[in-house]
Amino acid sequence: MFAIIKTGGKQYKVAKDDIIFIEKIDGDGKIEFNEVLMIDDKIGTPFISGAKVVGQILEQKKDDKVLIFKKKRRHNYRRLRGHRQLLTVVKITDIKA
């Protein structure tokens with residue numbers, strides 16, 4: 001059994017006992033995703049009413065660094081910036097239709 005959920009502007013295909021990395025969500029303990037787009041072959045319009053996916057927050061962490069490098073040739077212009085996205089690690093414990 002799998003489900004497609006929407007969180008943080010992105011969609012994730014999840015199944016029971018999956019571990020996913022999503023954009024940072026405050027809190028710890030249990031979390032419920034109510035924006036369920038699809039469960040197995042049942043498709044919502046746009047969401048399935050009454051369906052939810054329950055997960056357990058495992059940790060808060062930072063993603064790998066992404067480097068942003070800008071350069072304009074022949075103008076001695078170089079800029080190097082870095083960014084680390086904040087992530088939440090979630091283990092899916094249950095899918096309820």
Side-chain angles (χ1 to χ4, degrees):
M1 177 179 230
F2 73 92
I4 297 179
I5 60 171
K6 180 181 173 187
T7 180
K10 298 177 183 69
Q11 297 175 5
Y12 299 91
K13 180 180 177 184
V14 296
K16 191 171 190 289
D17 297 326
D18 279 354
I19 295 177
I20 59 173
F21 299 92
I22 60 174
E23 288 189 13
K24 185 171 181 350
I25 296 177
D26 292 329
D28 54 349
K30 293 181 82 172
I31 184 170
E32 292 184 357
F33 301 101
N34 295 321
E35 294 184 341
V36 180
L37 300 166
M38 181 177 171
I39 294 180
D40 286 334
D41 58 350
K42 186 176 181 185
I43 300 173
T45 56
F47 304 116
I48 299 174
S49 62
K52 65 181 176 180
V53 175
V54 180
Q56 176 74 31
I57 294 178
L58 300 178
E59 68 174 312
Q60 308 282 351
K61 63 181 248 174
K62 286 186 175 182
D63 200 6
D64 294 335
K65 182 172 273 196
V66 177
L67 295 177
I68 298 99
F69 183 71
K70 299 178 181 181
K71 180 181 182 195
K72 293 184 181 176
R73 63 185 186 156
R74 295 190 292 269
H75 289 281
N76 196 26
Y77 175 82
R78 291 182 296 273
R79 299 291 180 266
L80 180 65
R81 298 286 178 260
H83 175 75
R84 293 185 73 186
Q85 186 68 37
L86 297 173
L87 297 177
T88 300
V89 181
V90 177
K91 180 177 182 180
I92 304 300
T93 57
D94 195 16
I95 298 173
K96 298 180 182 177

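One is the number of the first residue; the rest follow in order along the sequence.
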Student check: side-chain heavy atoms of I25 and T7 closer than 4.5 Å
yes

Nearest-0.5 Å distance that lies between atom NZ in K52 and atom CD1 in I31:
12.5 Å

Test item: Q60 side-chain N/O and G27 main-chain N/O as donor-acceptor pair under 3.5 Å
yes

Could you check if a side-chain atom of F33 sits within less than 4.5 angstrom of a side-chain atom of I22, using non-hydrogen atoms only?
yes

Tell me the closest heavy-atom pair linking G55 and V90, and the distance in Å.
CA-CG1, 4.1 Å

For E23 and Y12 the tightest heavy-atom approach is N-OH, 4.4 Å

Is any NZ, NE, NH1 or NH2 atom of the basic residue among K42 and D40 found under 4.0 Å from an Asp or Glu carboxylate oxygen of the other?
no

V53 and A3: which non-hydrogen atoms are nearest, and at how many Å?
CG2-CB, 4.1 Å

Correct closest heavy-atom pair for T88 and K24 would be OG1-CA, 3.3 Å

Taking side chain as C-beta onward, heavy atoms only, is K30 less than 4.5 Å from Q56?
yes

For K62 and R84, which heavy atoms make the closest approach, and how far apart are they?
CB-NH2, 3.6 Å

Side chain proximity check, R81 to R79, heavy atoms < 4.5 angstrom
yes

K6 side, atom NZ; E35 side, atom CD - distance, nearest 0.5 Å
5.5 Å

Calculate, to the nearest 0.5 Å, the distance between atoms CE and CD belonging to M38 and Q11 respectively.
11.0 Å

Under 4.5 Å between any side-chain heavy atoms of V36 and F47, yes or no?
no

Cluster check I57, I92: I/L/V/M/F/W/Y, side chain < 4.5 angstrom:
yes

Do you know the tightest heavy-atom contact between M1 and I95?
O-CD1, 4.1 Å

